2 protein chains.
Amino acid sequence: MPWRLRHRKRLEAGNGEEPIIDLRVERFLEPCLLLLLVEKPAHGYELIDRLNQIWLVPEKQDPGAVYRNLRRLERGGMVKSQWDTSGRGPAKRLYEVTPEGEKRLAAWASAVDWGIKALIKFLERYKATCLEANEDGKLGR
Amino acid sequence: MPWRLRHRKRLEAGNGEEPIIDLRVERFLEPCLLLLLVEKPAHGYELIDRLNQIWLVPEKQDPGAVYRNLRRLERGGMVKSQWDTSGRGPAKRLYEVTPEGEKRLAAWASAVDWGIKALIKFLERYKATCLEANEDGKLGR
DNA sequence: AACATATATGTGCATTAAACATATAGGTGA
DNA sequence: TCACCTATATGTTTAATGCACATATATGTT
């Protein structure tokens with residue numbers, strides 16, 4: 001499936017194969033983490049698992065990116081954390097969203113709303129130009 | 001309007017103001033140029049103007065990005081150009097899309113199609129969690 | 001006691017895209 | 001000739017990211 005919300009790989013192909021086109025929304029990991037944390041406070045490792053619920057196509061998550069984002073969000077006051085030594089295994093940072101973070105997620109949501117409209121506009125314009133003759137706009141996978 | 005399909009500015013705010021959140025689709029300039037060129041062959045300077053038809057919010061375009069993208073697309077065989085010395089003013093490179101380029105645009109279109117679905121999924125999930133009580137999901141601008 | 005494994009949190013490095021500034025050059029009109 | 005518009009580029013810097021690697025603790029196994 002030629003689709004991801006992030007991931008940089010192979011935009012400028014090179015191998016024999018077709019270059020894969022992925023629509024990458026930059027920084028999209030941030031709102032995803034905020035949304036997951038609003039739904040339920042959690043620690044990084046758990047979020048890495050739950051992220052696959054949000055991407056359409058589950059794939060291996062990058063722990064580095066997740067932790068980096070969580071720390072940055074905390075620096076910005078969007079989430080706060082406390083060490084959780086209960087349970088088994090090493091201590092974990094339990095994150096929860098602050099009121100600031102909820103506002104930021106709301107801002108993301110409205111940005112996504114706009115984005116959907118713009119992408120639809122692009123797509124309609126594409127269909128109008130390139131799929132006129134065809135039997136009403138089917139796009140490959 | 002807190003919205004753009006590209007542009008990096010001020011993600012990590014800093015001033016007194018709210019950090020602006022823009023949903024940035026990476027490389028989106030590429031499919032926009034392809035679409036505009038499919039609609040009508042043109043040269044760079046003209047495309048810079050016509051780009052504002054595609055973004056929801058017109059704004060100053062970056063000539064550097066446009067020309068670089070056109071050259072890259074040409075290197076990749078997606079468009080081809082010829083010098084046009086007719087008309088007045090300095091010579092211009094007139095670009096048109098190749099069959100390869102049309103395929104690439106089609107691939108972009110289906111990526112955009114997927115992207116819309118994924119963004120909608122995100123938004124629905126957000127609404128479900130954060131706008132339950134409210135009078136049915138209004139999002140600020 | 002040694003070792004493997006699962007959980008959990010990070011750092012460092014190379015690549016890439018984008019924003020912004022600057023350069024080059026011909027054409028037009030005062 | 002000088003200013004200005006058109007037109008096409010290049011250079012510089014920063015931010016985001018993918019990937020590989022480093023660290024630490026608890027648990028289970030031999």
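Scope of the values below: all heavy atoms of this structure, side chains included, with no hydrogens, waters or symmetry mates. Here is how names work: the chains are called A, B, and so on, in the same order as the sequence lines, proteins then strands, and each is numbered from 1. Computed from a prediction, not measured in an experiment: that's the story for all the values here.
To the nearest angstrom, P of dG10(C) lies 14 Å from OH of Tyr45(A). With rounding to whole Å, Leu29(A) atom CG is found 12 Å from dA16(D) atom P. The CG-C1' distance, from Leu94(A) to dT9(C), rounds to 14 Å in whole Å. In this structure, the CD atom of Glu30(B) is 10 Å from the P atom of dA18(C), given to the nearest Å. The separation between Asp22(A) atom CG and dA16(D) atom C1' is 14 Å, rounded to whole Å. In this structure, Leu70(A) atom CG and dA16(D) atom C1' are separated by 16 Å, rounded to whole Å. Computed from coordinates, the Trp83(B) CH2 to dG26(C) P distance equals 11 Å when rounded to whole Å. Glu46(B) has its CD atom 15 Å from the C1' atom of dT8(D), to the nearest Å.
Glu102(B) meets the side chain to side chain donor-acceptor pair (under 3.5 Å) test with no other residue; sequence neighbours excluded. Shown here are the side chain to side chain donor-acceptor pair (under 3.5 Å) partners of Glu74(B), two or more places apart in sequence or in another chain: Ser81(B). Scanning for salt bridge (charged side-chain N to carboxylate O under 4.0 Å, His left out) contacts around Arg93(B) gives an empty result, with sequence neighbours left out. Residues passing the salt bridge (charged side-chain N to carboxylate O under 4.0 Å, His left out) test with Lys117(A), sequence neighbours excluded: Asp113(A). Residues forming a ring pair (Phe, Tyr, Trp, His ring centres under 6.0 Å) with Tyr126(B) (at least two apart in sequence, or on another chain): none. Shown here are the side chain to side chain donor-acceptor pair (under 3.5 Å) partners of Glu39(B), two or more places apart in sequence or in another chain: Arg125(A). Under the rule for a side-chain contact (heavy atoms from CB on, under 4.5 Å), the partners of Ala91(B) that lie at least two apart in sequence or sit in another chain are Trp83(B), Thr85(B). A search for salt bridge (charged side-chain N to carboxylate O under 4.0 Å, His left out) contacts involving Lys40(A) returns Glu46(A), not counting sequence neighbours. Every side-chain contact (heavy atoms from CB on, under 4.5 Å) that Asp84(B) has, sequence neighbours left out, goes to Ser86(B), Lys92(B), Leu94(B).
Using cut-offs of 30° and 60° for the angle between ring planes, the Phe28(A) and Trp55(A) rings count as tilted.
No donor-acceptor pair closer than 3.5 Å links the side chain of Asp22(B) to the backbone N or O of Arg24(B).
Taking the side chain as every heavy atom from C-beta outward, Pro31(B) and Val112(B) never approach each other to under 4.5 Å.
Toward the 5′ end of DNA chain D lies the nearest nucleotide of Ile48(B), the other residue of the pair Ile48(B) and Arg68(B) mapping further downstream.
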What's touching nucleotides 1-4 of chain D from the protein side, N or O pairs under 3.5 Å?
none

Provide a list of protein-nucleic acid N or O atom pairs under 3.5 angstrom, restricted to nucleotides 24-30 of chain D.
unit_1  : atom_1 : unit_2   : atom_2 : d
dT27(D) : OP1    : Arg88(A) : NH1    : 3.4

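When distances are taken from the side chain of Arg27(B) to each of dA17(C), dT17(D), dG11(D), the shortest belongs to dA17(C). Taking only side-chain atoms of His43(B), from C-beta outward, the nucleotide of dT9(C), dC20(C), dA7(D) with the closest atom is dA7(D).
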- [ ] Under 3.5 Å for both distances, Watson-Crick or G-U wobble, that's the pair rule; now give the dot-bracket for DNA chain D, with | marking pairs to another strand and [ ] for crossing ones.
- [x] ||||||||||||||||||||||||||||||
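Arg93(B) comes within 4.0 angstrom of sugar-phosphate atoms only, judged by non-hydrogen atoms across all strands, and of no base.
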